[in-house]
Structure formats: C-alpha cells, structure tokens
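What follows is one structure encoded as structure tokens, with my remarks underneath.
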Amino acid sequence: MAETHYTPVVILGAARSGTNMLRDMLTRLPGFATWDCDEINPIWRHGNLDWPNDEIPPGRATPKVSAYIRRAFDRIWRASGKPEFVVEKTCANTLRVPFVDAVLPDARYLVLVRDGVDVVPSAMKRWRGDLEFPGMPYLLAKAKYAPISDLPRYALTSLKGRLGLMRGRERLSTWGPRFSGIGDLTGAPLEELCARQWAASVDAADLALAEIPPDRQFHLRYEDLTQAPADWLGKILTFLGADATAPQIADAAGIVQGGSVGKGRGRADIDLTGVLPLMQPTLARHGYGG
C-alpha cells in the first residue's frame, strides 16, 4: 500500500447519534478536512453495490476496491491543502468495521454513542422523509462523489423512495444503515424498525472494535460531549496527537447544541415501551437506563 501523509479519522456512530456534529467540530479546526456532504456511502459501496446490506465483510475489500476508496481520501486530502487529518463519517460503517479497517489499516476511530431512546424518535422523522435541509442540494452534493457507473442505481432508489411518500406511504423504502434482516421489517411498526437499527449499529461496532487495538480508538457519549464540548474536543485532540489553540477549540465547540438530551423518554406522542426490550442489552452495556 502506498504511503500516505495524513491520518484517516473515521467517526463511528449509529444514525442520529451526533456524528455530523462531531465531524463539524473537528473540521472547524486547522489541519482537519472532510467531504462537503454528510456521508459517502456510495464510495464505500463501490464494487460491492450488489451486496444485500451494509454489512460488507472484510474479504470484499479487494485490492481494486481498497485502492478506489483510498484514492477518494487522497483526493480530498490534496484538494484541502494536504491537512494532517481526513475525517470521514458514514453511519453505515458501524456495520462493517472490519471492512473499513481492511481498507484503512492506519485509521483512528472516534466512537460516539447516544441514548437509543433519544435516537428512535429522531430516526423516525428521517424515515418519514422529514429532512432538515433542502432535498435537492443535499442529493446533488452526495451525487458529486458517487461513482458515475453507480449513479443510475442511486437515482432510481431515491426517486422510488420520494414517490412512495408522495403516494401516501408512511416511510421511505430505505434510510440509514441497512443491517441484515432489515428487509423483514417492512410491515413492522416504525418504532421497532428504528430501535433495531440503532441496536444493530451499536452492537456490530462494539463487537468489531474489540478486535482493534485500543490505542486506535476513542470512545465518548453524546450526552457527555454536549455537556462539555470543549473539554471533550481537547481530549480527542490529545488522542489524535493534534494541536489547537484554546480560542480555536472554543470556536469549534460553540456549534454544539444538546437541547434534545433526554427528550425521547418524555415523549407523549411516541410510546417506546414495546421496543425498549429490543434495545435494553445495548442500553445497559453503555450505561443507559431502560
């Protein structure tokens, strides 16, 4: 493998766990760069587009596939002025950490976990197509980095999903990390689908990270990050061996908002009682109450 002059920083976290926020904090600092779209799943899936879900095994990281993904990182590195760190955040990577590590054996991992009871209502909004940003600019930003040969497939999937909502369907046909068995939940309550998606993402990442050296991982909780963002950002920089001034850290930490912490447990419009058992082992493992 060709030598690189930057460190890939891979943020791992279930969808709606604050991974965008963490990436945006880091990339406000000098020496950090990323893509100008929120995720690059089309890049990660190139060469494996026919794999039935996002749980792509490491054996599928062939030399050709790995080289393609590494070139995507290299292009961002060069276009951004050759920074010390290239940050990447695609939530589906929680389901394929061994594949990611086969492609990026020099990566450092920032692992962010959020209370699943808060994640479920937020994920439900996204499954229903409630985007927090204009749909077309967002899709075009992602399409810019998708392999040209794969674009027709993504365009068709996106079109079908939006048309389904326009015709009265409750939710998109697909959104977020696609775990094994997600196709069996087509008729399941949306709360159950989102609960299983969160647990599958967190569980898969936990299992895989147990096989990766601890000195390449930094773990934190969304609730802690939002309570003291500057402190946690400083700890992350220490872990990465990066430098930033106190004003730079304060500026980056200033984008953090934690107003949604704990609101999932007090929602009167969503009854999560029935899905809590699906999340309980994962919640308990990460110190969250039922």
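Note: hydrogens, waters and symmetry copies are ignored here, and every other heavy atom, side chains too, is used.
Distance CG/D24 to OG1/T34: 8.5 Å, rounded to 0.5 Å. Interatomic distance, CD of E55 versus CG of L95, reported as 5.0 Å (0.5 Å rounding). In this structure, OG on S122 lies 13.5 Å from CH2 on W198, to the nearest 0.5 angstrom. Here the CG-OG distance, from D54 to S180, works out to 11.5 Å after rounding to the nearest 0.5 Å. Atom CZ of residue R45 and atom CZ of residue R178 lie 4.5 Å apart, to the nearest 0.5 angstrom. From K235, atom NZ reaches atom CG of L240 across 14.5 Å, with rounding to the nearest 0.5 Å.
D118 and Y222 share no donor-acceptor pair across their side chains, judged by distance under 3.5 Å alone. Counted by atom type alone, E88 and W44 present one or more donor-acceptor pairs between their side chains at under 3.5 Å. Donor-acceptor pairing under 3.5 Å is recorded for the side chains of D206 and H286. A donor atom on one side chain and an acceptor atom on the other are not found under 3.5 Å apart for T282 and Q280. Side-chain contact, W232 with Q227: no donor N or O sits under 3.5 Å from an acceptor N or O.
In this structure, N41 and R96 approach most closely via the heavy-atom pair OD1-NH2, 2.5 Å. For the residue pair V256 and T226, the shortest heavy atom distance occurs at CG1-CA, 3.7 Å. Taking all atoms of both residues into account, the shortest heavy-atom contact from Q197 to F179 is CA-CE2, 3.4 Å. In plain terms, the two heavy atoms of R126 and L172 that are nearest each other are O-CD1, 3.5 Å. S201 and A14 get closest at one heavy-atom pair: CB-CB, 3.8 Å. Taking every heavy atom of both residues into account, P105 and A102 meet most closely at CD-O, 3.8 Å.
Under 4.0 Å is where a charged nitrogen must lie from a carboxylate oxygen, and between D106 and R216 no such pair does. With salt bridges taken as basic N to acidic carboxylate O contacts below 4.0 Å, none links R221 and D115. Ion pairing of R114 with E223 is absent here, as no side-chain N (NZ or NE/NH1/NH2) approaches a carboxylate O to less than 4.0 Å.
In this structure a side-chain-to-backbone donor-acceptor pair under 3.5 Å is missing from E192 to V275. Remark: the backbone N or O of A208 is not paired with any side-chain donor or acceptor of E211 at under 3.5 angstrom. S66 contributes no side-chain N or O that, together with a main-chain N or O of P63, makes up a donor-acceptor pair within less than 3.5 Å. T90 contributes no side-chain N or O that, together with a main-chain N or O of N93, makes up a donor-acceptor pair within less than 3.5 Å.
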Quiz item: Where do E39 and K89 land on the side-chain contact (heavy atoms from CB on, under 4.5 Å) test, with the steps shown first?
Solution: CA-CA 6 Å; E39 299 210 343; K89 184 239 76 161; 2.9 Å; yes
Quiz item: When you look at E84 and F32, which way does the side-chain contact (heavy atoms from CB on, under 4.5 Å) test go after all the steps?
Solution: CA-CA 6 Å; E84 187 175 357; F32 291 83; over 6 Å; no
Exercise. Applying side-chain contact (heavy atoms from CB on, under 4.5 Å), run through L272 and V120 and close with a yes or a no.
Key: CA-CA 9 Å; L272 300 182; V120 169; 3.8 Å; yes
Practice problem: Start with the C-alpha gap between Y109 and H219, add the side-chain angles, then the distance that decides, and say whether side-chain contact (heavy atoms from CB on, under 4.5 Å) holds. | Solution: CA-CA 8 Å; Y109 295 98; H219 294 251; over 6 Å; no
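Judged by the 6.0 Å distance and 45° axis criteria, R108 is positioned over the aromatic ring of F239.
A heavy-atom distance below 4.5 Å is found between the side chains of L276 and L283. Residues S17 and V119 are in side-chain contact: their nearest non-hydrogen atoms beyond the backbone lie under 4.5 Å apart.
Across T27, L26, T7, L29, a single residue satisfies side-chain contact (heavy atoms from CB on, under 4.5 Å) together with F85, and that is T7.
Taking hydrophobic clusters as Ile, Leu, Val, Met, Phe, Trp and Tyr residues chained together by side-chain heavy-atom distances below 4.5 Å, L207 does not share a cluster with I182.
Relative ring orientation between H46 and Y68 is described as tilted, the plane-to-plane angle lying within the 30° to 60° band.
For N48, the side chain to side chain donor-acceptor pair (under 3.5 Å) partners two or more places apart in sequence, or in a different chain, are R60.
When ring centroids are compared, W35 and F73 come within the 6.0 Å threshold.
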